[in-house]
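Encoded as structure tokens, the structure appears first; notes follow it.
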Amino acid sequence: MEIYFELINDAEGIRKVYDALIGEEFLGFDTETTELDPYEGNIRLVQLSNGRSTFVVDLKPFAEKGDLRTAPELALLREILNAPKPIKIAHNAKFDAKWVRHHLGVDVNGLFDTLLASQLIAAGDQDRRHNLAEVANFFLGIEVDKTEQVSDWSAPELSTAQIQYAAKDAVIMIGLREKIVERLRQDELIRVAKLEFDSVAPLAAMELNGFYLDAGRWREQLEKVKKEQTRIAAELQQMLSAGVAQASLFGVAEINLDSQQQVMDALVNLGVPVPASTRGWQLEPLALEYPVIAKLLEYRGVAKSISSFGENILEFIKPQTGRLHSDFRQIGAPTGRFSSSKPNIQQIPHEEAYRRCFRAPDGRKLVIADYSQIELRILAEFSGDENFIEAFKSGADFHTITAAQVFGVAPENVSSEQRSFAKRLNFGVVYGIGASRFALMTGLSQKQAEDTMRRYFSTYRGLDAWLRDAARRVVNEKTARTASGRLLKFRFDDQDRSAVGAAQRNAKNFPIQGTSADILKRALCLLHKAIDGTSARLVNIVHDEIILECDAAEAEESCRKLEKAMCDAAEEYVKKVPVKVDAHVADEWTK
DNA sequence: GTGAAGGGCCAC
DNA sequence: AAACGTGGCCCTTCAC
């Protein structure tokens, strides 16, 4: 493909780009950078194309004159990127948005992301890949050569091949969007696509902001856990080797406590009736009778803490900022939930000892807000169950109220056991829990568990009907949707009963978990606008929780803005049920 | 040595 | 046969 493009490297050229493109509806947009991380390299090229004219802006000459964020010659380029129109079409726009925000000092607004769109269209098919080459091939049937992608973008003079490659990536976006939009329309994914695209700028900002971790506190905590581990490991070692004490003249071979095989063998030697798996929940019932099991579970706890939440996390602190900058995948799960890695900041233990290490730097505050029971409120909304909705409207402790309704007693007479049953069922229904599992986790007999569940569902008939309907529908339609229209296509063998069962549990869970993700994303969009120009920065999200960091003086105001953004977002989707957000200002990531 | 798979466990 | 949904990370084991 021979393409026409112009290389731009002065103020006059920028004016030309602006005049040629500002009136367009859509622009292909791409950047080339010297590194993958905006804190470690420079942005070299910005490419913009309307499909006929393509401009490759070389930022090097501008950077040599001063700060790209304030350079007046780049004002018009910043305006094109910052304005909601033209729509900028990019593949993995978060990447480009981060570079532009960090090095050019503006948010990229009006984005269309072909990667996110491709993920939405794939509708949960985990086998599909979504890199540009695959997506271009899938939607346009063309081969895209990515060999220049990793070339040296810091060279004083870029080669013709490099510039051509750069230009081409922007050009193909125009045709790619057309094909993709067609599919988004067919599959009724326009609304969720807009939601995803609008979430890119907030997410890019959050990754740049990072989350502050007090490394000193973390090390102190780690030392304590290490000491504990040494002690517990020695105790466990001794208890396990009791069964093979006479095995060797030279003493007992060390058992690798992290090896399930070796631990299992040792347990068998001790005469412990080991279950098929040594998973915690299977061992839990044995812990009372066999002290060695209790010790094993104790060991597992500290071992997990040290391996997953030990020194490793400190290596992710970026020297340039002194903060953690995790990678977030915007559609990390088919439900639309985010996933996070390097490090996974969404799985930090809830214990205060860990959470207090994440704190506001001096002079700043954290603002922490989470949705109260958002998934159950969504379930109430979807099912329209009057009793379930009433339990929320009462405003009292939800699990107590549901226990009162289910067991037919006054709320003040609900026993702690009854509340616990109700609580476990409230959480369980969202996942499609069965009586066996409920029995296992409560200690009830199978019969008692079945009776309790029957009672629960006869109290909440609407809820029961909705769940049954979801299970019935998936068998016929093999699809499910969230409130924003996010789609999941099921692929299972109708003859395989366990596959059908899994799909049915999934069909119950997907709309609920997915709508919760929709709501969080909508909240991010509203919040991003609400805190623009203030000291507040988005620093972390954990499924139903949003954390800001701001100047101490602005904490209360930020807190109100956060609470409002979250409530407003949820109320776009949840209308029959009150929405509750718990928000507070804190110095540490604790309640 | 490297990488994939399986088991286990942290979060919501 | 499985029995509760979504992720990522660490460890062991095993194949190459």
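Atoms considered below: every heavy atom in the structure, side chains included; atoms not considered: hydrogens, waters and symmetry mates. Order of the sequence lines sets the chain letters (A, B, ...), proteins ahead of strands, with each chain counted from 1. The structure presented is a predicted model; accordingly, all values stated were derived computationally and were not measured.
Counting non-hydrogen atoms under 4.0 angstrom, A:Gln126 reaches the backbone sugars and phosphates but no base. Within 4.0 Å of A:Ile348, counting heavy atoms only, lie sugar-phosphate atoms of the nucleic acid but no base atom. Residue-level contact check: A:Arg505 touches the backbone only, with heavy atoms under 4.0 Å from sugar-phosphate atoms and none from bases. The residue A:Arg424 sits apart from the nucleic acid: no heavy atom pair falls under 4.0 Å. A:Gly428 comes within 4.0 angstrom of no nucleic acid atom, judged by non-hydrogen atoms across all strands. Using a 4.0 Å heavy-atom cutoff across all strands shown, A:Val430 reaches no nucleic acid atom at all. Nucleic acid contact for A:Arg329: sugar-phosphate only, since backbone atoms but no base atoms lie under 4.0 Å from a heavy atom of the residue. As judged by a 4.0 angstrom heavy-atom cut-off over every strand, A:Ser340 is placed among residues touching the sugar-phosphate backbone only. If you check every strand for non-hydrogen atoms under 4.0 Å, A:Lys508 touches nothing.
Going from atom CD1 of A:Ile293 over to atom P of B:dG8 covers 12 Å, rounded to whole Å. As rounded to whole Å, 14 Å separates atom C1' of B:dG7 from atom CG of A:Asn256. The nearest whole Å value for the distance from the CG atom in A:Asn344 to the P atom in B:dA11 is 11 Å. Atom OH of A:Tyr299 and atom P of B:dC9 are 12 Å apart (whole Å). Rounded to an integer number of Å, the gap from A:Leu267 CG to B:dG7 P is 17 Å. Separating the CD atom of A:Gln513 from the C1' atom of B:dC12 is a distance of 8 Å, rounded to the nearest angstrom. Rounded to an integer number of Å, the gap from CG of A:Asn312 to P of B:dC10 is 17 Å. Across the protein-nucleic acid pair, A:Ile547 atom CD1 and B:dC12 atom P stand 10 Å apart, rounded to whole Å.
Each of A:Pro343 and A:Gly434 lies near DNA chain C, and the nucleotide nearest A:Gly434 is the one positioned closer to the 5' end.
Seen from the ring of A:Phe492, A:Lys478 counts as a face-on cation partner, given the 6.0 Å and 45° thresholds. Cation-pi check for A:Lys521 over A:Phe338 is met; the charged atom lies under 6.0 angstrom from the ring centroid and within 45 degrees of its normal.
Counting only N and O atoms by type, the side chains of A:Asp397 and A:Thr400 include a donor and acceptor under 3.5 Å apart. With hydrogens and angles left out, the side-chain atoms of A:Asp258 and A:Tyr299 include a donor and acceptor closer than 3.5 Å.
For C:dC4 and B:dA5, the C1' atoms lie 23 Å apart once the distance is rounded to whole Å. Of the C1' atoms belonging to B:dC9 and C:dA1, the separation is 24 Å, rounded to the nearest Å.
Taken from OG in A:Ser340 to NE2 in A:His543, the straight-line distance is 8.0 Å, to the nearest 0.5 Å.
Between the side chain of A:Ser445 and the main chain of A:Gln448, a donor-acceptor pair closer than 3.5 Å is present.
The salt bridge (charged side-chain N to carboxylate O under 4.0 Å, His left out) with A:Arg217 is formed by just one residue from the set A:Glu588, A:Glu352, A:Glu223; it is A:Glu588. Partner A:His325 forms a ring pair (Phe, Tyr, Trp, His ring centres under 6.0 Å) with one of A:Tyr212, A:Phe211, A:Tyr39, A:Phe316 and no other, that one being A:Tyr39.
Contact footprint of chain A on DNA chain C: nucleotides with an atom under 4.0 Å from a non-hydrogen protein atom, first to last in 5' to 3' order, C:dA3 to C:dT13.
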